[in-house]
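One structure is given below, encoded as structure tokens.
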Amino acid sequence: QVQLVESGGGLVQAGDSLRLSCAASGRTFSRYTMGWFRQAPGKEREFVAAITWRGEFAYATDSVKGRFTISRDNAKNTVYLQMNSLQPEDTAVYYCAADRVPWRAVVVSNPAQYEYWGQGTQLTVSL
């Protein structure tokens, strides 16, 4: 059974940095694209970034581009989201997700393409 466990969320101030981690188990992690999504109160789940199995492609929405960086360590079965210059609008529950199919060559942002999800980690950014 695939399990994804996020960690690293918390309460920070605007301008701070934080790194989220997502530890995966239950299948060959290195074969799959991994994504980060977030959901703020009263809003739909939003794609943040994703990284292919080769780690050669990463994608972020305009709202986080230049501030967030996604990376992965296949030896540790872990995907990371480094977040810099955090703003109150980044406040949300952050979820990591694992792609439905292996060896995908392109980044996918549609949550329906992701089969497994973590429980989420809360990030709150105060002024």
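The salt bridge (charged side-chain N to carboxylate O under 4.0 Å, His left out) check on R67 picks up D90, with sequence neighbours excluded. Every residue was checked against the ring-ring contact (aromatic ring centres under 6.0 Å, His included) condition with Y32, not counting sequence neighbours, and none meets it. Considering only residues two or more places apart in sequence or on other chains, R45 meets the side chain to side chain donor-acceptor pair (under 3.5 Å) condition with none of them. Checked against side chain to side chain contact (heavy atoms under 4.5 Å, CB included), R31 has the following partners two or more places apart in sequence or in another chain: T28, P102, W103. Here Q82 pairs with S17, R19, T69, N84 under the side chain to side chain contact (heavy atoms under 4.5 Å, CB included) rule; sequence neighbours left out. The side chain to side chain contact (heavy atoms under 4.5 Å, CB included) test applied to A40 returns K43, A92, not counting sequence neighbours. Listed by chain and number, the residues in a side chain to side chain donor-acceptor pair (under 3.5 Å) with T124 are Q122 (sequence neighbours excluded). Remark: Y94 pairs with R38 by the side chain to side chain donor-acceptor pair (under 3.5 Å) rule, at least two apart or across chains.
Cluster annotation: M83 is connected to V64 through the hydrophobic network of ILVMFWY side chains, with a link wherever side-chain heavy atoms come within less than 4.5 Å.
Listed here is the closest heavy atom pair of G35 and Y114: N-CE2, 3.6 Å. Closest heavy-atom contact between P111 and W117: O-CZ2, 3.7 Å. Taking each heavy atom of V108 and A50 in turn, the nearest pair found is O-CB, 4.0 Å. In terms of heavy atoms, S30 sits closest to W53 at O-CB, 3.1 Å.
A side chain to side chain donor-acceptor pair (under 3.5 Å) check over residues 70-80, counting only residues at least two apart or in different chains, returns the pairs R72-N74. Applying the salt bridge (charged side-chain N to carboxylate O under 4.0 Å, His left out) test to every pair with at least one member in residues 98-107, sequence neighbours left out, gives these pairs: D99-R104.
Among the candidates F68, F37, Y95, the single residue satisfying the ring-ring contact (aromatic ring centres under 6.0 Å, His included) test with F47 is F37. A side-chain contact (heavy atoms from CB on, under 4.5 Å) with L123 is found for exactly one of V93, L20, L18, namely L18.
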Please step through side-chain contact (heavy atoms from CB on, under 4.5 Å) for the pair L81 and V48, ending with a clear verdict.
-> CA-CA 9 Å; L81 186 67; V48 176; 4.2 Å; yes

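Residues T52 and V107 are in side-chain contact: their nearest non-hydrogen atoms beyond the backbone lie under 4.5 Å apart. Within the 4.5 Å cutoff, no side-chain heavy atoms of V12 are placed close to those of S126. Between S63 and E46 the shortest side-chain heavy-atom distance falls below 4.5 Å.
In this structure, V101 stands alone, with no Ile, Leu, Val, Met, Phe, Trp or Tyr side-chain heavy atom under 4.5 Å from its own, directly or through other members.
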Output a table of donor-acceptor pairs, distance under 3.5 Å, between side-chain atoms of residues 1-10 and any protein atom two or more places apart or on a different chain; print 'none' if there are none.
residue	atom	partner	partner atom	Å
E6	OE1	Q119	N	3.0
E6	OE1	Q119	NE2	3.4
E6	OE1	G120	N	2.9
E6	OE2	C96	N	2.9
E6	OE2	G120	N	3.3

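The neighbour count for E44 CD, taken as heavy atoms of other residues, nucleotides or ligands under 6.0 Å away, does not exceed 12.
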